[in-house]
Amino acid sequence: MKITVASTESDFDAAAASRIVGQICARPHAVIGLSTGRTTGNIHRLVWQMRRLVNFDTSRLTFFGLDEVTGVDPEYAGACRRMLLTEIIEPLGLRPDQFLILPTRSDDFDTACRDFTAELQRRGGIDLLMLGLGENGHLGFNQPGTPFGSRAWKTVMDPALETRIRRETATPADVELGGVTLGIADIMRARRIVLVAKGDNKCAIVRRMLEGPVSEDVPASILQLHPDCEFLLDSKAAADIDIDKLRQS
Ligand code: GLP
């Protein structure tokens, strides 16, 4: 298993941002998937700061969002679209056609999901997917129990996450939040994955993801089977794992 442990938060952010920048430099027309949340915001900001130093070509790149909150306006502060626009897409000055994300609202999410994954394929498939990790092991909005064979779909919001989003964005109680996400099977089709996790609150689930059985109870455990997945952790998130043993597996 490929496990990288960064000793400080700034080393962690720099290592993760360099994975994205490295992918763009290696393949300027790359298709790169991004996740939102507390772990990735600084990583995204560092990407455009790095571009000020090294003027790499972003004119052919596609970024896309792994998942989206539903039931809200696309400009809603807690929508993944708005977060990614603010954190990385707008500062890089990308064109609208260089950013794909599932809709917050649709009369037909099944078709929207099929169109979204078809467009990713049309652009050559996913070169790099940077994944955050939910405290219960979720990937995107694929909660524990999601079949490993799932394709992009309209799912439900994890109650703990919903509470946090409502608190951080002052969402009125009458707005019903949901989620739409790439499925586990879509995630596993990415040619390369970097799973990023930092902080004490991720320590227990990192251990279950890496040392536990591959099980739908812990969606992220499927990544043990991906042929090119790097687990990029900070020392707090890695505190409970036996790194030397895992690196040999
Ligand atoms: C949410 C998002 C995921 C993200 C996860 C981790 O569930 N839908 O895409 O990976 O949170 O978020 P955080 O980094 O804030 O812990």
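As the structure lists them, so they are numbered: ligands from 1, and atoms in each ligand from 1.
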- Message: Exactly one of Arg191, Arg60, Arg19 should register a salt bridge (charged side-chain N to carboxylate O under 4.0 Å, His left out) with Asp127. Which one does?
- Response: Arg191
Per-pair distances, 0.1 Å, donor-acceptor, side chain in residues 183-190, under 3.5 Å, sequence neighbours excluded:
residue : atom : partner : partner atom : Å
Asp186  : OD1  : Arg151  : NE           : 2.7
Asp186  : OD1  : Arg151  : NH2          : 2.8
Asp186  : OD2  : Ala152  : N            : 2.6
Asp186  : OD2  : Gly183  : N            : 2.8

- Item | Residues in contact with ligand 1, criterion: heavy atom under 4.0 Å | Ser35, Thr36, Gly37, Arg38, Thr39, Leu66, Asp67, Gly132, Leu133, His138, Gly140, Phe141, Leu161, Arg164, Lys202
- Taking the side chain as C-beta and beyond, is there a heavy-atom pair between Ile24 and Met50 under 4.5 Å? no
- Task: Check whether any side-chain N or O of Glu68 sits under 3.5 Å from a backbone N or O of Val180 as a donor-acceptor pair, and report yes or no.
- Result: no
- Tell me, with the steps shown, if Lys198 and Glu9 meet salt bridge (charged side-chain N to carboxylate O under 4.0 Å, His left out). CA-CA 8 Å; Lys198 69 176 181 185; Glu9 196 162 341; 2.8 Å; yes
- Minimum side-chain heavy-atom gap His226-Arg192 below 4.5 Å: no
